[in-house]
Amino acid sequence: MSDDGGFSAAGLDRMRRVMTGFVDRGELPGFVALVHRRGHTHVIEAGALEAGGDAPMRRDTLFRIASLTKAVTAAAAMILVEECRLRLDDPLHHLLPELADRRVLRRLDGLLDDTVPAERPITLRDALTFTLGYGVSFLPEGLPPITQAMLDTGVDNGPDGPPCGPDEWLKRLGALPLAHQPGAGWLYNTGADVAGVLIARAAGRPLEDFLRERIFEPLGMRDTGYTVPAADTGRIAASYTTDPGTGALVRRPDPRDGAYDRPPVFPGGSGGPGLLSTVDDYRAFLRMLLDGGRYPGGRLLSRPSVELMTTDRLTPEQKAGNGMFLGSGGWGFGLAVDGRRDDLFVRPGRFGWTGGLGTSAYADPGEDMIGIVFTQRAMTSPEPPHHFQDFWTTAYAAIDD
C-alpha cells in the first residue's frame, strides 16, 4: 500500500501507459493529466503542443478549457450573492432589462412567434442551474427552430463564445422567446453567459477583472484568464477536431488564433466557454471547493455557498430528456453532480464538468480527490471519449487504500 496520496505506484504507471497510448496511436497530439489526493499531486505529460510539432507538452501548457469556465462563473456569482450585491431569486431584468417581459414558446418545436407570456421573471438561480429557458435543445428529428435561431444569430456560438459584445449579445438573446417557462427544464450552456454579463454589470467592471481580483489572484491562478501575455502565447496548445469520415485529426479553426494577447470580441470574457488555464491552476480552484471555500491564504466562499454549488439542484421534471448530458446525476451551480455509482469513477457527490474542446475536471469529496485531464481534441458529442473514460478509470483504479 502507498501513502503517496493513497495511490499505488503500479496504478499510476498504468495510467501513464494507457494515456500515452492515445498519443502513440495518433489519437491525441498530446495531453496533460493530473491526479491529486490527500495533499499529493501527480502529473503526466505526453505529446506535443501541436500535431507533428517539436514543442513538447508541458505541465504549464495553456489550454482553452471551454465549459470548465462555467464553474468559475458560478463561484463569482456566489461571491456577489454573499455580499448581497446579487440575490438568487431576484429578477435578472433589474440589471439585464433586455430579458424583461419574456415570451415563451407554446412547444419546443414550434414557430418562434407562437408564444405565451412568461409566468414569472428569470432569476440568477435559473441562470446558474440552466433552467432559465434558454440553451441548447435537441429533438429526435433534428434541431428545433429556436436552437437554429440561436445558431443563426450567434447567440450560441459553441466553445468559441459570442461573436459580439455583451450588450449586442443580450439584445440578440432578448429578441428570441424562451424554449420553456423559467424554471421548468434544463437546457445547456446559455445560462452561464447570462450569469457572466450579470456579474459584470453588478460589479461595474469587466468579468475578467472581477475574476482576476476575487478568484484568480487569491488562489494563485496566475496562468488563468481570457487573455495571455504576449510572451506566453507560445504555451497555448493547438486545437483539433476529427474528420467525421476518416477520424483523422484536423486543425480546428480558431477565431482568436494568434490574438490571445488581445481582448476577445466579447469584452471582459464569456461566462460560459472562454477561459484559458493550466492543470495546476484549475486544481487550485477545485481544491478550494473541496475545502468548503477555504484556500491557504484564507476563505473565498462560505461552506454553505460551496454546498449550494456542488449539490444537485434539479428536480426529476427539470432533468427529463437530458440524460445525454447528465446521466443519472444532476446539476448544481455551473457544474454537474454525480448521482448513483454507475462506473468506477461515477459516484454520488463527485462534481465537475467537461469542456467541449477536450478538457475534463472533477473533484470527489468522498475520496478527497481531484482529477484533471486537458487535451487538444474537441468532443464530437456529449458522450465522453475513450481517452476521458480511460483516464478516470485508471485514476480510480490506482487508489490503494
Side-chain angles (χ1 to χ4, degrees), residues 69-70 73-74 76-106 112-137 145-147 149-157 161-211 214 226 263-274 333-334:
T69 303
K70 292 173 169 60
T73 300
M78 292 310 299
I79 289 173
L80 292 175
V81 168
E82 291 192 350
E83 295 175 350
C84 300
R85 297 160 75 182
L86 290 175
R87 295 175 182 85
L88 285 173
D89 295 312
D90 275 1
L92 293 186
H93 63 245
H94 294 327
L95 287 171
L96 308 182
E98 299 91 338
L99 300 184
D101 303 320
R102 295 294 77 210
R103 304 288 299 184
V104 183
L105 291 175
R106 290 182 186 273
L112 299 187
D113 58 358
D114 185 14
T115 63
V116 297
E119 296 171 356
R120 65 165 177 81
I122 300 169
T123 66
L124 174 58
R125 187 187 302 272
D126 296 328
L128 296 177
T129 56
F130 291 5
T131 60
L132 72 170
Y134 286 122
V136 177
S137 307
I146 182 61
T147 300
M150 294 179 74
L151 295 172
D152 292 343
T153 59
V155 165
D156 190 311
N157 201 35
C164 55
D167 294 346
E168 173 62 23
W169 180 79
L170 267 183
K171 180 181 177 182
R172 296 183 191 184
L173 183 66
L176 299 174
L178 302 181
H180 58 65
Q181 290 288 344
W186 188 89
L187 295 172
Y188 186 55
N189 190 49
T190 312
D193 280 327
V194 170
V197 178
L198 181 73
I199 291 164
R201 290 190 181 179
R205 56 199 306 201
L207 179 63
E208 182 172 30
D209 291 352
F210 185 80
L211 296 180
R214 303 302 300 274
Y226 294 99
V265 173
F266 199 79
S270 160
F333 289 172

Taking all heavy atoms of Asp193 and all of Gly272, pick out the closest pair and write down the distance.
-> OD1-N, 2.9 Å
Distance (rounded to the nearest 0.5 Å) between Met78 CE and Leu128 CG = 7.5 Å
So, Asp126 and Arg120, do they make that salt bridge, N to O below 4.0 Å?
-> yes
pair Ile122-His93: side-chain heavy atoms closer than 4.5 Å | no
Close side-chain approach of Arg201 to Leu207, heavy-atom, < 4.5 Å = no
4.5 Å side-chain heavy-atom contact, Thr190 and Val136 = no
Decide yes or no on side-chain contact (heavy atoms from CB on, under 4.5 Å) for Thr129 and Trp186, but give the supporting numbers first.
-> CA-CA 7 Å; Thr129 56; Trp186 188 89; 5.6 Å; no
With the side chain counted from C-beta on, respond yes when Ser270 and Thr69 share a heavy-atom pair under 4.5 Å apart, and no when they do not.
-> no
Looking only at non-hydrogen atoms, find the nearest pair between Arg172 and Pro163 and report the distance.
-> NH1-CG, 4.1 Å
Got Leu105 and Ile146 here, is their nearest side-chain heavy-atom distance under 4.5 Å?
-> yes
For Gly174, does its backbone N or O pair with a side-chain atom of Glu98 as donor and acceptor, under 3.5 Å?
-> no
Donor-acceptor pair, Asp156 side chain versus Leu151 backbone, under 3.5 Å?
-> no
Nearest non-hydrogen partners of Ala127 and Leu92, listed with the distance = CB-CD1, 4.4 Å
side-chain contact (heavy atoms from CB on, under 4.5 Å) between Thr153 and Trp169, intermediate numbers included | CA-CA 9 Å; Thr153 59; Trp169 180 79; over 6 Å; no
Flag the pair Glu83 and Arg214 as a salt bridge only when some basic side-chain nitrogen lies within less than 4.0 angstrom of an acidic carboxylate oxygen.
-> yes
Roughly how far, to the nearest 0.5 Å, is CZ of Phe333 from OG1 of Thr73?
-> 14.0 Å
Spacing of NE2 belonging to His94 relative to CG belonging to Leu198, to within rounding of 0.5 Å | 11.0 Å
Is there a donor-acceptor contact under 3.5 Å from the side chain of Gln181 to the main chain of Glu119?
-> yes
Please answer whether the main-chain N or O of Ala118 pairs with a side-chain N or O of Arg102 as donor and acceptor at a distance below 3.5 Å.
-> no
dist Ile199:CD1 -> Arg85:CZ (nearest 0.5 Å) comes out at 11.0 Å
Does some side-chain heavy atom of Asp90 sit less than 4.5 Å from a side-chain heavy atom of Thr123?
-> no
Are Val81 and Arg125 side-chain neighbours, meaning at least one heavy-atom pair lies under 4.5 Å?
-> no
Mark yes or no for whether Tyr134, through its side chain, and Leu173, through its backbone, hold a donor-acceptor pair below 3.5 Å.
-> yes
Walk me through it: do Val197 and Phe266 pass the test side-chain contact (heavy atoms from CB on, under 4.5 Å)?
-> CA-CA 10 Å; Val197 178; Phe266 199 79; 3.8 Å; yes
Determine whether Phe130 and Lys70 make a side-chain contact, defined as any pair of heavy atoms from C-beta on separated by less than 4.5 Å.
-> yes
Step-by-step side-chain contact (heavy atoms from CB on, under 4.5 Å) determination, Leu132 to Leu187 = CA-CA 8 Å; Leu132 72 170; Leu187 295 172; over 6 Å; no
Asp101 CG: over 12 foreign heavy atoms closer than 6.0 Å | no
Check: Thr115 main-chain N/O paired with Arg103 side-chain donor or acceptor under 3.5 Å = yes
